[in-house]
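Let me begin by presenting the structure, written as structure tokens, before commenting on it.
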Amino acid sequence: MSSVESITVHRYGNPDALPVVLVHGLTDAGTAWPDLVQHWGDRWDVHAPDLRGHGLSPRFTDDELAAASAVLLADIVALVDALPEPVALVGHSLGGVLALRAALARPGKVRALVLEDPAKPTGAGADPGFVAGNEQLLDSVAADAAAEVARMLAETPWSRTEVEAWATCKPLVDREYVRRGLHLGGPEWEELFNALTVPTLLLVPPDAPMAPRADALHNPLVRTVVVPDSGHCVRRDQPARYQEEVDAFLARTLASVP
């Protein structure tokens, strides 16, 4: 575990391998990738930051909350810049839109981009119902984490290691960020994908309201995979298919790297 520009970064895998950066979703943390990290073993040099307002990273100041999306992006760009060679950037949900924007900001520092149902910006703040739902979840885990773990094990196909890692992250979330900081930036979406200049794998569930519209996506560098029987957390719902697709993509994309 280390710190880059004040955020906490968890380190896994082989420090002599090619670097991979994992960017988690809302209310998770850099520790929320246990099955993927175990699957990869020593294959990659894995850097998994706690986004600001999550995990062990600092909370947002009032000034930062007014521009939270830009602050989060700056943290990821700083991490990518600090690494000595270009990275494979992997993001989920909130982490997906941040990874996408980081790849646009630093195309020379990103060799490959993997996006798991990235959060779609609307140009406005989060829906009040979405905020309330997240606060209710955080309250439930805080009140009885064991009960929430049991519920998730019963209601989802997730492994116990994933559910327990998911639950452990929840008490560490900056509530003020959830209440006041969930603005993901301007409403441009398909335009961001079409502007990418790095090989990109987009994994989405069959019902994916946040996915870019296929008829407006014209970038040959972007490959979309619809994963059957999955929801928003594709890698947790269908880990074998997620790992198969990501492994093949990274092997193909990074094959020529010395």
Side-chain angles (χ1 to χ4, degrees), residues 11-25 28 30 32-48 76 80 83 85-93 95-104 106-119 157-159 161-162 165 190 192-208 210-212 214 217-258:
R11 190 84 173 267
Y12 308 102
N14 179 3
D16 296 322
L18 292 173
V20 174
V21 174
L22 305 179
V23 191
H24 66 81
D28 273 350
W33 307 82
D35 288 356
L36 184 59
V37 167
Q38 181 179 34
H39 166 73
W40 278 342
D42 289 339
R43 199 177 316 176
W44 309 111
D45 176 18
V46 178
H47 302 254
I76 298 304
V80 169
L83 295 173
E85 57 183 316
V87 307
L89 198 50
V90 179
H92 170 238
S93 193
V97 68
L98 293 172
L100 170 55
R101 287 198 165 114
L104 290 170
R106 293 291 189 275
K109 292 287 291 183
V110 178
R111 287 192 172 108
L113 180 64
V114 177
L115 304 175
E116 177 191 356
D117 203 22
W158 301 5
S159 72
T161 53
E162 285 289 330
E190 288 80 11
L192 300 184
F193 285 87
N194 288 328
L196 286 166
T197 59
V198 300
T200 300
L201 175 65
L202 172 64
L203 298 116
V204 295
D207 179 15
M210 295 190 294
L217 189 56
H218 309 302
N219 190 339
L221 290 172
V222 179
R223 175 172 176 258
T224 301
V225 173
V226 178
V227 179
D229 300 317
S230 72
H232 180 54
C233 294
V234 177
R235 75 180 186 280
R236 289 163 168 159
D237 292 337
Q238 294 294 331
R241 179 66 187 278
Y242 175 93
Q243 291 164 10
E244 177 186 15
E245 292 288 350
V246 174
D247 287 349
F249 171 72
L250 293 181
R252 183 170 62 250
T253 305
L254 305 179
S256 60
V257 178

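Just so it is clear, the structure is predicted and the values come from calculations on it, not from any experiment. Values below: every heavy atom of this structure, side chains too, minus hydrogens, waters and symmetry copies.
To the nearest 0.5 angstrom, Leu115 atom CG is 6.0 Å from Leu202 atom CG. How far CG of Leu98 is from NE2 of His24: 9.0 Å, rounded to the nearest 0.5 Å. Annotation: the span from Gln243 atom CD to Trp40 atom CH2 amounts to 9.0 Å, rounded to 0.5 Å. One distance of note links CH2 of Trp33 with CZ of Arg236; it measures 8.0 Å at 0.5 Å rounding. Remark: Phe193 CZ to Leu104 CG distance equals 9.5 Å, nearest 0.5 Å. Note that the OG1 atom of Thr197 and the CG atom of Leu113 stand 10.0 Å from one another [nearest 0.5 Å].
Salt-bridge check for Arg43 with Asp247: passed, with a basic side-chain N closer than 4.0 Å to an acidic carboxylate O.
Judged as a side-chain contact (heavy atoms from CB on, under 4.5 Å), and not counting sequence neighbours, the contacts of Arg223 are Leu201, Val225, Glu245, Arg252. Remark: Ala208 engages Asp117, Val204, Pro205, Ala211 in a side-chain contact (heavy atoms from CB on, under 4.5 Å) (not counting sequence neighbours). Annotation: side-chain hydrogen bond (donor to acceptor under 3.5 Å, both in side chains) contacts of Thr161 (sequence neighbours excluded): Asp35, Ser159. With sequence neighbours excluded, the residues forming a side-chain contact (heavy atoms from CB on, under 4.5 Å) with Asp42 are Asn14, listed by chain and number. Partners of Asp45 according to the salt bridge (charged side-chain N to carboxylate O under 4.0 Å, His left out) rule, which considers only residues two or more places apart in sequence or in another chain, are Arg11. Every residue two or more places apart in sequence or in another chain that forms a salt bridge (charged side-chain N to carboxylate O under 4.0 Å, His left out) with Arg235 is listed here: Glu116.
Annotation for Leu36 and Glu162: closest pair N-OE2, 4.3 Å, computed over non-hydrogen atoms. When every heavy atom of Leu250 is checked against every heavy atom of Ala88, the shortest pair comes out as CD2-CB, 3.9 Å. Heavy-atom minimum distance, Asp237 versus Ser230: OD2-C, 3.7 Å. In terms of heavy atoms, His232 sits closest to Ser93 at NE2-OG, 2.8 Å. Heavy-atom minimum distance, Thr200 versus Leu196: OG1-CD1, 3.5 Å. The two residues Leu89 and Ala99 come nearest to each other via the heavy atoms CD2-O, 3.4 Å.
Remark: the backbone N or O of Ala102 is not paired with any side-chain donor or acceptor of Lys109 at under 3.5 angstrom.
Using a 4.5 Å heavy-atom threshold, the side chains of Leu254 and Trp44 count as touching. Side-chain contact between Val20 and Val114 is absent, with no heavy-atom pair separated by less than 4.5 Å. Side chains of Tyr242 and Val227 form no contact here, defined as non-hydrogen atoms less than 4.5 Å apart. Residues Asp229 and Arg241 fail the side-chain proximity criterion, which asks for heavy atoms closer than 4.5 Å. The side-chain heavy atoms of Glu85 and Pro19, taken from C-beta on, include a pair separated by under 4.5 Å.
His92 and Asp28 share no donor-acceptor pair across their side chains, judged by distance under 3.5 Å alone.
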